[in-house]
There are 2 protein chains.
Amino acid sequence: MESPTSLTHGAYAELRSELLACNFAPGEKLKIDDLCRRFAVGSSAVREALSRLASEGFVVSEPQRGFRVAPLSVDALRDLTDVRCSIEALCLRGAIEKGGLEWQSQVVAALHRLTHTPVWADKAARRYSNEYARAHETFHEVLAAGCGSPWLLHLRAVLFNHSARYRWFTGPLSKVDRDLDKEHREIAEAALLRDSERAVALMNAHLQLTAKIVLDAVSSEREPAARSSRAKPGKAHAPDGPNLKRKRITASA
Amino acid sequence: MESPTSLTHGAYAELRSELLACNFAPGEKLKIDDLCRRFAVGSSAVREALSRLASEGFVVSEPQRGFRVAPLSVDALRDLTDVRCSIEALCLRGAIEKGGLEWQSQVVAALHRLTHTPVWADKAARRYSNEYARAHETFHEVLAAGCGSPWLLHLRAVLFNHSARYRWFTGPLSKVDRDLDKEHREIAEAALLRDSERAVALMNAHLQLTAKIVLDAVSSEREPAARSSRAKPGKAHAPDGPNLKRKRITASA
DNA sequence: ACTTTGGAAATTATGCATTTTATATTGTAA
DNA sequence: TTACAATATAAAATGCATAATTTCCAAAGT
């Protein structure tokens, strides 16, 4: 992990993981000089990393005007979730149809690891632990991998990573108690029993519930009781992005 | 088309269109200096363009070893085609369900333009005309756009563009006579009649036939008088991952 | 025949010059 | 005095040329 083959790739990987973890606020300006100092690399490396991230959709590039963190929006989350349900369903059906013993074993292993990894790094602050995030990612990855289609898995990974931004963004805000272990276990059981319909239904419910929690958290933060008037002080900073202006999610801290 | 907002974006667009048209042979080394001279820009712009294209999977980046044109392979084409069938089906069903009058009108218009655009720029050499390629792209684009899902349309576009490399690669080799106009017309008719099952079935046949023509052309070129052997090695990795070596398609010219 | 060593070429990284954009200041008019 | 506008200053992004590693290729030596 600490041996990136080039400075450019190292900067890319670091910046990407920080973006996925929402360490940068959506819509925030990404100044090249700041990033140069932060990662101790030249501007070429930073620019190249930003270009790649832009083509992946994690940052937006405004010509002659630099780069910004890609915005989050409730509309985009709804769309993303629906599409992700469709793609995960394709993966799951394929995996259940074609998955062999190797797949089954990996699913069992990934489930075990997931259910035995502590969820919270800081229970009070409700911050997800990196280990749990990792285990969660590999569980879903392994579950889908059985379909054996590189392209389908690639599309799935793209959607998963974009969902991750929303998940991390609202992680600490989550106030709903849900039995994540049970959800994951039931999905895995249905898949291993080759019950496609049930597995897909459970997966869809799983994804939609996660999205609903994020959406509820955002809307309750926007209009709790019209009390928080200090939510957006002077630096209101409403950059007119090219698309998805409506209902944009902004950072609250 | 002649007003790219920056040199970088201009170089990116040009190089991309040349890659899609297979003006560079798959697997070919892309030397930065050559590209600098060819596009009359600095190495920064070229490097940035290559980075973006790498993250889109059109070129592969080998650390400390530069960039190469992403390889083509029969396994990748088979997988790509299957996934594309699934995604186009999702778009089509969504469009048929949600598409309104505006969508219908655009489909009719795109079909008209498509069927009235000459297919070949050079009949003897069987080279597709750029106008036809454009009309063909917008027809499929418009047909899918009715679903109204930005993410789904994005995934569709990614797959379409990657298919384009295979299409252009084998364009001049195509020896099969097919009634493309009829295929497109029947798809559009079924969609406008809201016959999802028929539309999807026709679309799948359309895509699979196109792929089959490419595969036949390649195999007949490789082993002119031998039967096509269908092997399925299992270690095909993601498009931006390590390249798949087996059964790679190389340039014959 | 195989390994080692040398040189050439290409990629990678950095710093600087140029051009564009954003901000602040000042001046003018209502 | 306030509001608006034009200019000037500052900051940032873009592009390029050069420097420094690394890799590749070939020739020489064991």
Side-chain angles (χ1 to χ4, degrees), chain A residues 2-16 19 24-25 27-71 233-242, chain B residues 2-16 19 24-56 58-71 240 242-243 245:
Chain A
E2 283 301 328
S3 65
T5 52
S6 72
L7 290 183
T8 294
H9 192 269
Y12 162 76
E14 276 196 74
L15 184 51
R16 181 177 190 269
L19 283 172
F24 292 95
E28 179 181 346
K29 188 77 188 300
L30 289 170
K31 294 187 216 172
I32 297 198
D33 284 348
D34 290 355
L35 297 175
C36 288
R37 278 188 288 276
R38 180 188 259 260
F39 297 121
V41 294
S43 57
S44 274
V46 168
R47 167 161 283 276
E48 201 167 321
L50 286 172
S51 293
R52 291 189 58 175
L53 292 167
S55 88
E56 294 175 28
F58 295 120
V59 312
V60 291
S61 158
E62 303 167 76
Q64 318 296 66
R65 239 180 257 194
F67 298 87
R68 315 189 78 90
V69 180
K235 196 69 165 43
H237 200 74
D240 45 353
Chain B
E2 282 302 328
S3 66
T5 51
S6 70
L7 288 184
T8 294
H9 193 269
Y12 162 76
E14 277 197 71
L15 184 52
R16 184 186 133 104
L19 283 172
F24 292 96
E28 180 181 345
K29 188 76 191 297
L30 290 170
K31 294 186 216 173
I32 297 198
D33 285 348
D34 290 355
L35 297 175
C36 288
R37 279 188 289 275
R38 179 188 259 259
F39 298 120
V41 295
S43 56
S44 278
V46 168
R47 169 161 281 276
E48 202 166 320
L50 286 172
S51 293
R52 291 189 59 176
L53 291 167
S55 88
E56 294 175 27
F58 295 120
V59 312
V60 291
S61 158
E62 304 166 77
Q64 319 293 49
R65 243 182 254 191
F67 298 87
R68 312 189 79 90
V69 180
D240 54 343
N243 43 2
K245 295 189 184 173

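All chains are named by letter (A, B, ...) in the order of the sequence lines, taking the proteins before the strands, and each is independently numbered beginning at 1.
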Nearest-neighbour nucleotide for the [X] side chain, [options] considered:
X     : options                : value
B:Q64 : C:dT14, D:dT22, C:dT20 : D:dT22
A:L7  : C:dT11, C:dA13, D:dA12 : C:dA13
A:S44 : C:dT14, D:dA12, C:dT11 : C:dT14
B:T8  : D:dG15, D:dC24, D:dA12 : D:dG15
A:S6  : C:dA13, D:dC16, C:dT21 : C:dA13
A:R65 : D:dA13, C:dT21, C:dA10 : C:dT21

- Query: Does B:L7 reach the side chain of B:S44, with side-chain heavy atoms less than 4.5 Å apart?
  - Reply: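 In short, these two side chains do not touch, never coming nearer than 4.5 Å.
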- Within a strict 4.5 Å, meaning less than it, do heavy atoms of the B:L50 and B:L35 side chains meet?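 Yes, close enough: below the 4.5 Å cut-off.
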- Task: Select from B:S43 and A:D33 the residue whose nearest nucleotide in DNA chain D is closer to the 5' end of that strand.
- Result: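 Looking at the nearest nucleotide for each, A:D33 comes out on the 5' side.
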- Message: Going by side chain to side chain donor-acceptor pair (under 3.5 Å), B:D34 matches just one of B:R38, B:R37, B:K31. Which one?
- Response: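 Passing option: B:R37.
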- Message: I want to confirm an ordering. Mapping A:P63 and A:E48 to their closest nucleotides on DNA chain C, which one lands closer to the 5' end?
- Response: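 Nearest-nucleotide comparison on DNA chain C picks A:E48.
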- Query: Does a side-chain N or O from B:K29 land closer than 4.0 Å to OP1 or OP2 of D:dC24, or not?
  - Reply: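 No, because none of the side-chain N or O atoms of B:K29 sits under 4.0 Å from OP1 or OP2 of D:dC24.
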- What does A:L30 touch in the nucleic acid at a heavy-atom separation under 4.0 angstrom: a base, only the sugar-phosphate, or nothing?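 Counting heavy atoms under 4.0 Å across all strands, the contact made by A:L30 is with sugar-phosphate only.
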